[in-house]
Amino acid sequence: MPVLALVSTVFVIAFEQFVQWQYGATGIIGLLMLTIGIKAKSPSVSSAGAILLALLVAGPAL
(Lines give C-alpha, C1' and ligand atoms only; values in the text may rest on other atoms or scores of the structure.)
Protein backbone atom coordinates (compact mmCIF):
# COMPACT_ATOMS: atom_id res chain seq x y z
CA MET A 1 0.00 0.00 0.00
CA PRO A 2 2.78 2.54 0.76
CA VAL A 3 4.28 1.81 -2.67
CA LEU A 4 1.00 2.70 -4.35
CA ALA A 5 0.83 5.97 -2.42
CA LEU A 6 4.42 6.79 -3.36
CA VAL A 7 3.83 6.06 -7.05
CA SER A 8 0.64 8.10 -6.99
CA THR A 9 2.43 11.05 -5.36
CA VAL A 10 5.27 10.92 -7.88
CA PHE A 11 2.77 10.84 -10.75
CA VAL A 12 0.84 13.85 -9.41
CA ILE A 13 4.00 15.89 -8.85
CA ALA A 14 5.30 15.02 -12.32
CA PHE A 15 1.97 16.01 -13.88
CA GLU A 16 1.94 19.32 -12.01
CA GLN A 17 5.49 20.06 -13.17
CA PHE A 18 4.51 19.28 -16.76
CA VAL A 19 1.52 21.64 -16.55
CA GLN A 20 3.73 24.33 -15.01
CA TRP A 21 6.33 23.92 -17.75
CA GLN A 22 3.83 23.80 -20.59
CA TYR A 23 1.20 26.34 -19.51
CA GLY A 24 2.82 28.43 -16.77
CA ALA A 25 1.22 29.75 -13.63
CA THR A 26 -2.22 29.96 -15.23
CA GLY A 27 -2.14 26.21 -15.86
CA ILE A 28 -1.29 25.50 -12.24
CA ILE A 29 -4.12 27.77 -11.08
CA GLY A 30 -6.57 25.96 -13.37
CA LEU A 31 -5.38 22.56 -12.19
CA LEU A 32 -5.61 23.69 -8.57
CA MET A 33 -9.15 25.00 -9.06
CA LEU A 34 -10.18 21.76 -10.73
CA THR A 35 -8.71 19.64 -7.94
CA ILE A 36 -10.15 21.75 -5.13
CA GLY A 37 -13.56 21.80 -6.80
CA ILE A 38 -13.63 18.03 -7.15
CA LYS A 39 -12.49 17.41 -3.56
CA ALA A 40 -14.92 19.98 -2.14
CA LYS A 41 -17.72 18.75 -4.44
CA SER A 42 -18.19 22.25 -5.78
CA PRO A 43 -19.27 22.11 -9.42
CA SER A 44 -18.73 25.82 -10.04
CA VAL A 45 -15.08 25.80 -8.91
CA SER A 46 -14.24 22.60 -10.75
CA SER A 47 -16.00 23.84 -13.88
CA ALA A 48 -14.07 27.11 -13.79
CA GLY A 49 -10.79 25.20 -13.47
CA ALA A 50 -11.73 22.86 -16.31
CA ILE A 51 -12.71 25.77 -18.56
CA LEU A 52 -9.45 27.55 -17.78
CA LEU A 53 -7.43 24.46 -18.66
CA ALA A 54 -9.46 23.91 -21.83
CA LEU A 55 -8.84 27.50 -22.94
CA LEU A 56 -5.12 27.10 -22.32
CA VAL A 57 -4.96 23.88 -24.33
CA ALA A 58 -7.16 25.17 -27.19
CA GLY A 59 -5.68 28.69 -27.16
CA PRO A 60 -3.30 28.22 -30.10
CA ALA A 61 -6.07 26.69 -32.21
CA LEU A 62 -8.48 29.56 -31.62
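On a predicted model such as this, the values are computed, not experimentally measured, just so you know.
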Checklist entry - In the hydrophobic clustering (ILVMFWY, side-chain contacts below 4.5 Å, transitive), which residues join Phe11, or is it alone? => result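 None; Phe11 is a cluster of one.
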
Checklist entry - Where is the tightest heavy-atom contact between Leu56 and Thr26, given as atom of each residue plus distance? => result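 For Leu56 versus Thr26, the nearest heavy atoms are CD1-C, 3.7 Å.
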
Item to check | Heavy-atom pair of closest approach, residues Met33 and Ala48 | outcome: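 Taking every non-hydrogen atom into account, CE-CB, 3.4 Å.
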
Next on the checklist: Once rounded to the nearest 0.5 Å, what's the spacing between atom CD1 of Ile28 and atom CG of Leu31?
Outcome noted: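 Spacing of CD1 (Ile28) from CG (Leu31) equals 6.0 Å.
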
Next on the checklist: I need the Leu52 CG to Ser47 OG distance, nearest 0.5 Å.
Outcome noted: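 If I round to the nearest 0.5 Å, the distance is 12.5 Å.
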
Next on the checklist: Do Ile38 and Leu53 sit in one hydrophobic cluster, given that two such residues count as connected whenever their side-chain heavy atoms are within less than 4.5 Å of each other, even indirectly?
Outcome noted: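 Both belong to a single hydrophobic cluster.
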
Checklist entry - Under the 3.5 angstrom rule, does the side chain of Thr9 hit a backbone N or O of Ala5 as a donor-acceptor pair? => result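 Answer holds: yes.
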
Checklist entry - So which of Leu34, Ile51, Thr35 actually passes side chain to side chain contact (heavy atoms under 4.5 Å, CB included) with Ser46? => result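 Among Leu34, Ile51, Thr35, the one that satisfies the side chain to side chain contact (heavy atoms under 4.5 Å, CB included) with Ser46 is Leu34.
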
